[in-house]
Student: 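I have a structure here, written as structure tokens, and I will follow up with some questions on it.
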Amino acid sequence: MTNTKNIFPGLIAHCKEYGFIFPSSEIYEGLQAVYDYGQMGSELKKNIRDHWWKNMTQLHDNIVGIDAAIFMHPTTWKASGHIDNFNDPMIDNKDSKKRYRVDHLIEGFADEQLAAGHEELAKEVLKCMDALLAKDDFTGLKKLIDDNKIKCAISGTCNWTDIRQFNLMFSTEFGSIAATGETDNKVYLRPETAQGIFVNFLNVQKSGRMKIPFGIAQVGKAFRNEIVARQFIFRMREFEQMEMQFFIRPGTQKEWYEYWKAERLKWHLELGIPGNKYRYHDHVKLAHYADAACDIEYEFPFGFKEVEGIHSRTDFDLTQHQEYSKKKMQYFDNDIDVSTGKPFGNYIPYVIETSIGLDRMFLLVMSHAYEEQDLGTPDKPDSRVVLKLPAKLAPIKLAILPLTKKDGLPEIATKIMDACRADFRCFYEEKDSIGKRYRRMDALGTPFCVTIDHQTKEDDTVTIRYRDTMLQERIPITKIRDIVTKEIS
RNA sequence: GCGGCAAUAGCUCAUCUGGUAGAGCACCAGUUUCCCAAACUGGAGGUGGCGGGUUCGAGCCCCGUUUGCCGCUCCA
């Protein structure tokens with residue numbers, strides 16, 4: 001860390017004080033790991049979202065956007081592997097405080113027995129475990145652990161808690177009539193947005209006459225019932241993802257994976273954030289669907305953490321959906337394969353995914369922008385808090401400040417306001433000293449302030465003041481709009 | 001999930017060993033002010049996170065709980 005002082009607590013306080021982020025339902029003591037975006041935060045978040053959306057859809061060939069529902073058919077999550085892979089029963093050792101997946105604990109025991117030559121026992125235990133797991137019989141599984149005196153590797157004791165299910169997906173009742181017996185009307189709140197893209201692969205490909213390689217982008221909320229959710233908005237239970245699934249010809253995944261790795265990092269750097277704050281982290285242990293994966297990590301005030309993932313998902317998802325839905329997830333490729341001289345023909349496309357957390361990007365941008373400056377001189381102590389937000393992301397682009405609220409200055413200011421407000425977000429303020437107003441705008445990250453004074457009445461010029469340098473210059477009123485527009489586009 | 005620390009006005013913090021809750025800034029209404037915060041007058045704002053307990057009396061002591069930060073743990 002370059003900064004010796006931890007700016008994180010100050011940043012969190014700043015977010016609340018200036019209307020960026022509030023704890024959810026705060027008057028009721030809040031809700032753990034849920035946050036609301038305030039009047040400034042929602043603008044900044046929207047600007048980040050729009051910036052990503054424009055970059056991915058408008059500025060890339062062959063990428064279109066969709067907006068899928070949060071509710072999806074329950075089979076989606078069977079096909080994706082979320083139900084089978086992420087509903088594992090867990091058990092804690094009370095002495096070591098270590099938590100185990102029950103199946104891992106028992107399998108570990110079986111391996112030990114096998115190594116010790118007790119082949120029969122090992123087989124018997126595993127058989128028993130599989131039967132109990134299939135029935136979700138937690139009492140039986142606990143008994144199996146107790147009966148075999150399976151010990152914790154760390155504490156060496158058999159002092160276990162009851163077996164508990166940690167379900168990372170939120171569920172709710174679908175339809176107004178509660179489930180009765182056999183009819184299960186449980187639906188999940190999506191734990192990732194990606195599946196909304198996969199299930200629409202055929203719809204988009206056919207209705208948009210999309211030709212491989214092409215991408216589908218989406219921004220939306222996702223929900224995960226995190227066991228430990230912390231570090232402000234870094235890990236929330238309700239969060240927003242910006243994802244793009246890029247469909248490609250099998251065999252080309254390596255080059256496209258590298259392409260998107262580079263392309264996505266370029267997007268981050270274009271915001272003016274220095275490259276040494278970023279690094280790639282290649283996954284060694286790959287998820288069940290991936291043949292290559294890496295994270296783009298950013299040096300947050302609490303260390304390097306993942307902000308975006310680039311995954312080579314193979315044809316896992318589409319194949320799974322084909323199997324569960326019985327719909328052919330095929331693409332017919334008319335391009336000629338030079339090695340055979342014939343078209344590539346039918347295949348299930350491979351997928352490269354780029355997935356970035358919008359809330360994490362928000363925190364990244366804020367972390368980078370937030371600065372506590374000491375402007376003191378020997379005569380006078382002085383300081384300011386400034387958000388050096390990229391101009392295109394700033395919630396307010398231009399503050400329009402009459403130097404006094406008399407002598408017709410507010411009227412001129414109002415005219416400037418009317419001329420600009422349709423093009424970008426402006427803020428008018430006539431209260432308090434000019435210095436105080438500048439500092440308030442610094443704290444909100446407003447890149448430009450223009451001040452109307454008596455000279456304005458004579459020659460139609462104003463003072464423009466720049467946030468980062470605090471320098472001022474005299475410009476004609478007619479140039480204001482161009483200067484701001486140029487910087488925010 | 002375990003451990004540590006914390007919670008008093010919008011913000012930052014005081015209130016000495018338990019004895020009527022205070023300041024600065026911010027805010028609101030005015031005054032003043034011609035270019036970088038903290039000028040003047042007046043005003044509003046707190047059941048001290050929430051719930052119990054001990055005590056004649058609790059912001060302060062005890063228990064519980066909620067939320068946050070930090071260290072472990074976990075993270076498709």
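To find a chain, count down the sequence lines: A is the first, B the second, and so on, and within it residues start at 1.
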Student: When the C1' atoms of B/U33 and B/A38 are considered, how many whole Å apart are they?
Tutor: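 Straight-line distance between the two C1' atoms is 15 Å.
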
Student: Could you check which of B/C69, B/C35, B/C36 has an atom nearest any side-chain atom of A/I434?
Tutor: B/C35

Student: For A/I233 and A/E192, find the nucleotide of RNA chain B closest to each by heavy atoms; which residue's nucleotide sits nearer the 5' end?
Tutor: A/I233

Student: A/Q231 has a side chain; which of B/C70, B/C36, B/C35 sits nearest to it?
Tutor: B/C70

Student: Using a cut-off of 4.0 Å on non-hydrogen atoms, how would the nucleic acid contact of A/A33 be classed: base, sugar-phosphate, or nothing?
Tutor: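 It contacts sugar-phosphate atoms only.
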
Student: Checking all strands, does A/Q32 fall into the base, sugar-phosphate, or nothing category for heavy-atom contacts under 4.0 angstrom?
Tutor: sugar-phosphate

Student: What distance, rounded to whole Å, do you find between the two C1' atoms, one in B/G43 and one in B/A6?
Tutor: 34 Å

Student: Round to the nearest Å and state the distance from A/I464 atom CD1 to B/C36 atom P.
Tutor: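 Interatomic distance, CD1 of A/I464 to P of B/C36: 17 Å.
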
Student: If you measure from the P atom in B/C11 to the same atom in B/A7, how many Å do you get, rounded?
Tutor: 14 Å

Student: Take atom C1' in B/G68 and the same atom in B/C25, then report the distance between them in whole Å.
Tutor: 24 Å

Student: Considering only B/A76, B/A26, B/C69, which nucleotide approaches the side chain of A/K436 most closely?
Tutor: B/A26

Student: Using purine N1 to pyrimidine N3 plus N6-O4 or O6-N4 for Watson-Crick, or N1-O2 and O6-N3 for G-U wobble, both under 3.5 Å, which nucleotide pairs with B/C61?
Tutor: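 Here B/C61 is engaged in a pair, and the nucleotide opposite it is B/G53.
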
Student: Which whole-number value in Å describes the distance from A/R237 CZ to B/C75 P?
Tutor: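 So the two atoms are 16 Å apart, to the nearest Å.
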
Student: So if I take every side-chain heavy atom of A/F8 and compare against B/C70, B/C35, B/A37, which nucleotide ends up nearest?
Tutor: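 Shortest atom-to-atom distance from the side chain points to B/C70.
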
Student: Which base, if any, makes a Watson-Crick or G-U wobble pair with B/C35, both distances under 3.5 Å?
Tutor: none

Student: How many whole angstroms separate atom NZ of A/K431 from atom P of B/A29?
Tutor: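 Between P of B/A29 and NZ of A/K431: 6 Å.
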
Student: Is there a Watson-Crick or G-U wobble partner for B/G45 with both distances under 3.5 Å, and if so, which one is it?
Tutor: none

Student: With rounding to the closest Å, how many angstrom separate the C1' atoms on B/U8 and B/C13?
Tutor: 9 Å

Student: Among the nucleotides B/C70, B/A38, B/C74, which one has an atom lying closest to any side-chain atom of A/R235?
Tutor: B/C74

Student: Relative to A/F239, does A/R224 satisfy both conditions: NZ or CZ under 6.0 angstrom from the six-membered ring centre, and within 45 degrees of the ring's axis?
Tutor: no

Student: Closer to the 5' end of RNA chain B via nearest nucleotide, is it A/Y466 or A/V34?
Tutor: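 Mapping each residue to its closest nucleotide by heavy atoms, the 5'-most match is A/Y466.
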
Student: Of the nucleotides B/A37, B/A29, B/C35, which one has an atom closest to the side chain of A/D382?
Tutor: B/A37

Student: Pick the C1' atom in B/G59 and in B/G49, then give their distance to the nearest Å.
Tutor: 12 Å

Student: If we call it a pair only when both distances are under 3.5 Å in a Watson-Crick or G-U wobble match, what pairs with B/C11?
Tutor: B/G24

Student: Between atom CZ in A/F198 and atom C1' in B/A76, what is the gap in whole Å?
Tutor: 13 Å

Student: What I want to check is whether the side chains of A/S312 and A/Q253 have a donor and an acceptor closer together than 3.5 Å.
Tutor: no

Student: Does A/R465 make a side-chain donor-acceptor contact with the base of B/C36, cut-off 3.5 Å?
Tutor: yes

Student: Base, sugar-phosphate or nothing for A/R384? Non-hydrogen atoms, less than 4.0 Å.
Tutor: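 Nothing, no heavy atom under 4.0 Å.
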
Student: Can you tell me how far P in B/A37 sits from the matching atom in B/A23, rounded to whole Å?
Tutor: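 The answer is 26 Å between these two P atoms.
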
Student: Hey, does the side chain of A/R360 come within less than 4.0 Å of B/C75's phosphate (OP1/OP2), counting only N and O?
Tutor: no

Student: Given the C1' atoms of B/C36 and B/A58, what is the spacing between them in whole Å?
Tutor: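 After rounding to an integer number of Å, I get 47 Å for this pair.
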
Student: I'd like to know if the side chain of A/S355 pairs up with that of A/E243 as donor and acceptor (distance under 3.5 Å, no hydrogens or angles considered).
Tutor: yes

Student: Out of B/A37, B/C69, B/C35, which has the shortest distance to the side chain of A/S383?
Tutor: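 Given the options B/A37, B/C69, B/C35, the side chain of A/S383 is closest to B/A37.
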
Student: Please classify the nucleic acid contact of A/Y28 as base, sugar-phosphate, or nothing, using heavy-atom distances under 4.0 Å.
Tutor: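 Contact class for A/Y28: none.
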
Student: Considering just the side-chain nitrogens and oxygens of A/K16, establish if one lies under 4.0 Å of OP1 or OP2 belonging to B/G10.
Tutor: no

Student: If you only use heavy atoms from C-beta on, which nucleotide in B/C36, B/C70, B/U67 is closest to the side chain of A/F302?
Tutor: B/C70

Student: Look at A/R279 together with A/E297 and state whether they make a salt bridge at an N to O cut-off of under 4.0 Å.
Tutor: yes

Student: For the rings on A/Y35 and A/F22, is their centre-to-centre separation under 6.0 Å?
Tutor: no

Student: What about the rings of A/F71 and A/Y188, do their centers lie closer together than 6.0 Å?
Tutor: no

Student: Rounded to whole angstrom units, what separation is found between the CZ atom of A/R437 and the P atom of B/A26?
Tutor: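 A/R437 atom CZ is separated from B/A26 atom P by 14 Å.
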
Student: For B/C40, give the paired nucleotide (Watson-Crick: N1-N3 plus N6-O4 or O6-N4; G-U: N1-O2 and O6-N3; both under 3.5 Å), or none.
Tutor: B/G30

Student: What's the closest nucleotide to the A/Y35 side chain, out of B/C35, B/U12, B/G68?
Tutor: B/G68

Student: So what's B/C5 paired with, Watson-Crick or G-U wobble, going by both distances under 3.5 Å?
Tutor: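 Partner of B/C5: B/G68.
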
Student: What's A/T463 touching, base or sugar-phosphate or nothing? Going by heavy atoms closer than 4.0 Å.
Tutor: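 A/T463: base contact, heavy atoms under 4.0 Å.
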
Student: Where the side chain of A/E17 is defined as all heavy atoms beyond and including C-beta, which of B/C35, B/C11, B/A37 is the nearest nucleotide?
Tutor: B/C11

Student: Calculate the interatomic distance between A/F232 atom CZ and B/U67 atom C1'; express it in whole Å.
Tutor: 14 Å

Student: For A/F362, is the NZ or CZ atom of A/K45 found under 6.0 angstrom from the centre of its six-membered ring and inside 45 degrees of the ring axis?
Tutor: no

Student: Is there a donor in the side chain of A/Y438 and an acceptor in the side chain of A/T451, or the other way round, less than 3.5 Å apart?
Tutor: yes

Student: Expressed as a whole number of angstroms, how long is the span from A/M236:CE to B/U67:P?
Tutor: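 It works out to 16 Å between those atoms.
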
Student: A/W52 ring centre to A/R49 NZ or CZ under 6.0 Å, with the angle to the axis within 45°?
Tutor: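 Output no; distance or angle outside limits.
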
Student: Just the rounded figure in Å: distance from C1' of B/C74 to CZ of A/F234.
Tutor: 13 Å

